[in-house]
Every structure is written in C-alpha cells, then in structure tokens.
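Here the structure is laid out as structure tokens; the discussion comes afterwards.
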Amino acid sequence: MSVSSLNQGVQGKSPSAMGLHANPSANFAEKVTETLALLNQAVVQFSPVTQASSLGAEDVVITHLINQNALNIPVFVLETGALHRETLALLERTQAHSVAPVKVYRPSSAKVISFVKTHGQNAMYESLELRKACCQVRKLEPLAEALQGQRAWITGLRREQSTNRADVPQIDRTDEATKGQIKLNPLANWTWGDVWHYIAIHKVDYNPLHDQFFPSIGCAPCTRAISLGEEFRAGRWWWEDEAAKECGLHAKK
Ligand code: SF4
C-alpha cells in the first residue's frame with residue numbers, strides 16, 4: 001500500500017494525522033539506522049533496560065522497532081486511572097500483539113481514593129501543587145516501581161516537542177547518580193514528520209486521538225486538542241505556564 005493511500009487514515013476519516021504530518025527528513029533512513037543502533041546498544045550495554053510507553057505516536061514507533069528487531073526490551077505503561085478510552089483500547093491491542101512483554105503499572109487505589117476524597121476530582125485545576133500531587137500519586141510512584149532494578153529506560157522524548165526539551169540528548173546520564181537510571185531518548189532528533197512517516201510506511205497501530213488534533217496525549221482531564229498554530233504541547237496542562245508543563249517524569253531542576 002502506498003503512503004498516499006495510507007494517508008486517508010486507518011479510521012477511514014480524512015484528514016488523518018498521517019495525512020497531515022507524514023513528511024520524512026532527507027536523512028530519515030539514517031535516523032532509523034541510528035535509532036536502531038542505539039536500541040541495540042541499550043540491550044548490550046545498559047540492560048536491564050525497559051521502554052516507558054505512553055502509547056503516543058513516538059512510543060508506538062519505538063515499540064514497533066523493538067518488536068521488529070526482536071530486541072530484549074520489555075515495555076511498560078503507566079495506567080493512571082485517568083486515561084482516555086481510546087488510549088485504554090490501544091493498550092489492550094498493544095498487549096495482545098506486542099512480542100515484547102507489555103507490563104502495566106497502576107497507582108495505589110487507596111492513595112487515589114484518599115487524594116480525591118480530600119482534594120476533589122478536579123484538584124489538578126486548582127493549583128500547581130495539587131496538580132503535581134496528583135501526578136505524584138498516579139504517575140511518579142508507579143514509575144518508581146516500574147524502574148526498580150532497571151539500569152536504563154527508553155522514552156519517546158524529541159527535541160522538537162517543546163522548548164523544555166530542546167536540548168534532550170540521546171543518552172542522558174544526568175539522573176544516573178540520583179535516581180539510578182540512564183535515560184535513552186532514541187528519537188531525540190526525529191521530527192514529527194519522521195514519526196508519522198514511520199507510522200505510515202509500517203502501518204503501525206496508533207491512538208485515534210491523534211486524528212482529532214491531540215499531538216501529545218496524557219490523562220484525559222489534563223489533555224485537550226490543539227488549534228492550528230498552537231505549540232505541540234499546548235494541549236497538556238493548558239492552564240499552566242509553559243515552564244511547569246512536565247509531570248515529573250522528565251522534569252529537570
Ligand atoms: S496528568 Fe492530570 S490526571 Fe494525570 S496524574 Fe497528572 S494531574 Fe493527575
């Protein structure tokens with residue numbers, strides 16, 4: 001199937017995210033080779049290593065590369081209890097089809113219930129402190145559990161995603177001393193066009209929310225669609241300042 005016919009979108013709607021964004025860099029093939037080399041290096045040099053997947057476009061590309069090349073890299077997903085139904089459906093499909101094991105980490109239900117009882121269902125909109133407290137319970141604590149015993153973890157961070165991420169290295173050792181893990185960002189130099197070109201040519205399953213102008217997808221209460229001309233991560237915690245827009249998974253001091 002040609003890329004142009006795929007551009008109509010797997011859901012049969014038009015325009016799809018693929019149709020809008022698939023546009024490879026001139027050196028796309030080199031980037032794929034380099035990415036694969038880094039993933040292989042991860043297995044040889046940094047095992048045990050795991051992929052953190054939010055099931056966003058970048059992460060489905062990485063999981064596809066892991067599966068296509070039979071790399072010994074298990075995948076994990078943080079199921080916060082507040083994800084969109086589209087994301088949960090993709091999680092189910094990924095678990096059913098991925099060769100690499102896909103493990104799901106959930107927050108402590110006692111802590112979530114206590115947080116909601118004390119601060120309310122919409123606490124995240126009330127203050128930055130409460131939003132971060134919610135991320136702490138629903139994301140950071142499950143992340144710490146997922147990373148226990150791991151030497152390195154793989155993320156889908158790209159430099160193009162935001163000014164906060166403009167300097168993301170492919171191998172990030174800055175948290176090694178404190179949190180204990182090396183962070184690998186194999187798509188650091190990929191463009192959004194590269195990501196969608198990869199998805200198109202390999203027919204990778206993806207979150208249909210991307211076709212509804214959600215470029216970056218997190219929890220449902222904290223993610224909205226973006227409008228033409230808005231920044232890539234404008235739909236995440238849109239009521240906050242740009243500088244605050246990390247959930248703590250990738251925050252830097
Ligand atoms: S992104 Fe929103 S709902 Fe999800 S953990 Fe953070 S504050 Fe809570």
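For the numbers below, each heavy atom of this structure counts, side chains included, while hydrogens, waters and symmetry mates do not. We count ligands from 1, going down the list as the structure has it; atoms in each ligand are counted the same way. Position 1 is the first residue of the sequence; numbering continues from there. Because the structure is a prediction, the values reported are computed rather than measured.
Within a 6.0 Å radius of CD in Gln95, other residues, nucleotides and ligands contribute more than 12 heavy atoms.
Counting the atoms of ligand 1 from 1 in the order shown, those under 4.0 Å from a heavy atom of Arg138 are 5 (S), 8 (Fe). Every atom of ligand 1 with a heavy atom of Arg131 under 4.0 Å away is listed here by number and element: 7 (S). Listed by number with element, the atoms of ligand 1 under 4.0 angstrom from any heavy atom of Met124 are 3 (S), 7 (S). Within ligand 1, the atoms closer than 4.0 Å to a non-hydrogen atom of Cys222 are 1 (S), 2 (Fe), 3 (S), 7 (S), numbered from 1 in the order shown.
Contacts between Lys139 and ligand 1 below 4.0 angstrom, taking non-hydrogen atoms only, involve the side chain exclusively.
Side-chain contact annotation: Ser98 with Asn67, donor-acceptor N/O pair under 3.5 Å present.
For the pair Arg158 and Phe232, the cation sits on the ring face: its NZ or CZ lies under 6.0 Å from the ring centre, inside 45° of the axis.
Residues passing the salt bridge (charged side-chain N to carboxylate O under 4.0 Å, His left out) test with Glu145: none are found, sequence neighbours excluded.
Between Tyr125 and Trp239, the ring planes lie perpendicular to each other; the angle is over 60°, past the 30° to 60° tilted range.
Pro101 places none of its side-chain heavy atoms less than 4.5 Å from the side chain of Val75.
Metal site remark for atom 6 (Fe) of ligand 1: Cys135 contributes an N, O or S atom at a distance under 2.8 Å. Among the backbone and side-chain atoms of Cys134, none of the N, O or S atoms lies under 2.8 Å from atom 2 (Fe) of ligand 1.
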